Enquirer: 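Take this structure first; my questions come after.
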Protein chains: 2
Amino acid sequence: MAQRRKRLLSIDAVLDASLASIDATGRLAMADLAERLGVSASSIYHHVSGRAAIIEALRERLVAVIEPPPMDGSDWGEQISRWMVGYRRALAEHPNLIPLLTAQTMTDGSGLLAYEQVAAVLRHAGVPIGEVVLWISVLDAYALGSALDLAAPDDVWRFDRDDLPVLAEAIGAAPVGRKRADAAFALGLEALVAGLRRRLSSGS
Amino acid sequence: MAQRRKRLLSIDAVLDASLASIDATGRLAMADLAERLGVSASSIYHHVSGRAAIIEALRERLVAVIEPPPMDGSDWGEQISRWMVGYRRALAEHPNLIPLLTAQTMTDGSGLLAYEQVAAVLRHAGVPIGEVVLWISVLDAYALGSALDLAAPDDVWRFDRDDLPVLAEAIGAAPVGRKRADAAFALGLEALVAGLRRRLSSGS
DNA sequence: ACCTGAACACCGTTCAAGT
DNA sequence: ACCTGAACACCGTTCAAGT
């Protein structure tokens with residue numbers, strides 16, 4: 001009953017190594033990945049169907065981590081905000097992954113279950129049924145856009161021209177890097193929720 | 001004085017063909033591009049330094065098209081909205097370009113001049129100097145996120161599961177495809193501006 | 001100055017051959 | 001069932017050679 005040769009790979013091992021590679025290099029190359037796993041590149045294809053499938057699986061992993069909005073009796077604005085913060089935090093933990101996710105369109109509805117919860121919260125808040133999907137789109141766009149902002153280096157805001165006085169002063173007075181991205185996200189989220197709140201109270 | 005052999009390429013021709021290729025195929029392959037131009041692939045490198053430079057130049061072209069916010073006496077919320085609509089429209093004309101732009105971080109501050117105008121409008125509206133950059137980040141994130149939403153196919157919202165009742169009903173009641181993306185963008189933009197307006201009036 | 005073909009290093013993926 | 005090496009088609013880019 002001598003045991004067979006040791007199993008070298010598993011889906012989870014492939015995904016772990018993929019994420020590590022992306023975090024470290026910002027790219028996902030099958031050769032890199034194979035080396036990281038101590039395995040031939042062709043071996044990987046026995047566990048996943050290819051590079052695109054790996055990225056898609058990482059997307060699913062990411063959404064799975066996000067806490068769904070708490071369905072307790074608390075204020076709906078608080079619930080939505082809480083969910084959005086968790087959403088962005090999950091993205092922010094692997095900023096290099098974000099461009100790979102946006103380069104590839106979602107194949108199956110990975111985060112669909114979370115959206116069901118968000119839909120329920122919005123509905124409960126008084127959002128008309130025809131607008132629920134629209135608001136989910138808005139929140140999703142903002143979360144993803146903010147995440148991309150997080151992945152970008154801060155050099156964008158550095159320049160030496162003297163024809164941009166207001167911008168120059170504003171940049172000097174604003175936080176930098178991760179702090180800027182965090183503060184901006186919080187500000188926009190608050191505005192979005194406030195805007196939705198106003199719309200709901202004035203509309204009904 | 002026999003004229004030299006005809007000049008086959010120019011930067012503009014390269015950029016035009018690149019955009020056409022991206023619009024048609026969603027990708028930018030140098031071989032495709034060369035064929036489109038009726039030229040050898042290596043010729044292209046006499047006019048641009050490489051693939052990344054082409055994408056960066058296309059980004060600059062895109063921002064150049066966007067109308068800066070009108071600095072007339074009109075309401076600042078209207079000005080910001082007008083600029084955002086133009087921003088997104090420019091992106092929406094070439095949805096396939098968007099993932100390429102997000103995959104590559106901005107090298108130089110291409111749209112910086114427009115940001116100066118936006119900064120001036122925000123400042124004029126009463127946004128404190130330390131928050132101007134934050135609001136620009138918010139607007140930028142939302143415009144880019146909405147554009148990505150536009151580039152994604154609508155299949156994301158199609159599913160056949162019976163454990164998502166609220167979402168299913170919401171999807172049935174919402175517009176589809178481009179119409180959904182457009183309506184969502186307008187809704188979120190209105191909320192953002194309303195939220196900012198509320199913050200300014202309550203803060204001062 | 002501009003264009004070319006050949007070559008290079010590097011991709012993701014396939015597949016017959018091994019255990 | 002799982003892993004391998006070799007091979008394949010395809011990338012972006014370089015460069016000596018032509019005009």
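Since the structure is predicted, the reported quantities are computational estimates derived from the model, not experimental observations.
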Enquirer: Taking the basic N atoms (NZ, or NE/NH1/NH2) and the acidic carboxylate oxygens, is any pair closer than 4.0 Å for R36(B) and D16(B)?
Expert: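 No, R36(B) and D16(B) are not salt-bridged.
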Enquirer: Before you tell me yes or no, could you show the steps for S10(A) and D12(A) under side-chain hydrogen bond (donor to acceptor under 3.5 Å, both in side chains), namely the whole-Å CA-CA distance, both residues' side-chain angles and the distance that decides it to 0.1 Å?
Expert: CA-CA 5 Å; S10(A) 70; D12(A) 270 324; 5.7 Å; no
Enquirer: Let me see the working for L33(B) and I54(B) under side-chain contact (heavy atoms from CB on, under 4.5 Å), right down to the final yes or no.
Expert: CA-CA 11 Å; L33(B) 184 54; I54(B) 293 176; 3.8 Å; yes
Enquirer: Of the residues in residues 9-31 of chain B, which ones touch DNA chain C at a heavy-atom distance under 4.0 Å?
Expert: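 Result for residues 9-31 of chain B: L9(B), sorted by number.
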Enquirer: Using only atom types and a distance under 3.5 Å, with no angle test, would you say the side chain of R161(B) pairs donor to acceptor with the backbone of L112(A)?
Expert: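 No; judged by distance alone, with no hydrogens or angles, the pair does not exist.
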Enquirer: Which of parallel (below 30°), tilted (30 to 60°) and perpendicular (above 60°) describes Y142(A) and F185(A)?
Expert: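 Parallel.
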Enquirer: Can you tell me how far P of dC10(C) sits from CG of L33(A), to the nearest Å?
Expert: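 Between P of dC10(C) and CG of L33(A): 18 Å.
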Enquirer: Examine R197(A) relative to W76(A) and say whether NZ or CZ is less than 6.0 Å from the centre of the six-membered ring and inside a 45° cone about the ring axis.
Expert: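 Verdict for W76(A): a cation-pi partner in R197(A).
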Enquirer: In whole angstrom, give the distance that lies between atom CD of E35(A) and atom P of dC11(C).
Expert: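 The distance from CD of E35(A) to P of dC11(C) comes to 11 Å, rounded to the nearest Å.
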Enquirer: For D162(B), I'd like to know if atom CG has over 12 heavy atoms of other residues, nucleotides or ligands within 6.0 Å.
Expert: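 No - once you tally the heavy atoms of other residues, nucleotides and ligands closer than 6.0 Å, there are 12 at most.
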Enquirer: Based on Watson-Crick and G-U pairs with both distances under 3.5 Å, what dot-bracket line describes DNA chain D 5' to 3', crossing pairs as [ ] and inter-strand pairs as |?
Expert: ||.|||||...|||||.||
Enquirer: Which pair of heavy atoms, one from V166(A) and one from E116(B), lies closest together, and at what distance?
Expert: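 Heavy atoms only, the tightest pair is N-OE2, 3.1 Å.
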Enquirer: Tell me which residues in residues 40-51 of chain B put a heavy atom below 4.0 Å from DNA chain C, sorted by number, or none.
Expert: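 S40(B), S42(B), S43(B), H46(B), H47(B) - these, ordered by number, are the residues of the stretch whose heavy atoms sit under 4.0 Å from the strand.
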Enquirer: Restricting to non-hydrogen atoms, name the atom on I136(A) and the atom on A119(A) that form the minimum distance, rounded to 0.1 Å.
Expert: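 Shortest heavy-atom separation between I136(A) and A119(A) comes out as CD1-CB, 4.1 Å.
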Enquirer: To the nearest Å, how far apart are L37(B) CG and dC3(C) P?
Expert: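 About 10 Å, once rounded to whole Å.
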Enquirer: Verify, without hydrogens or angle tests, whether Q104(B) (side chain) and A53(B) (backbone) share a donor-acceptor contact under 3.5 angstrom.
Expert: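 Answer holds: no.
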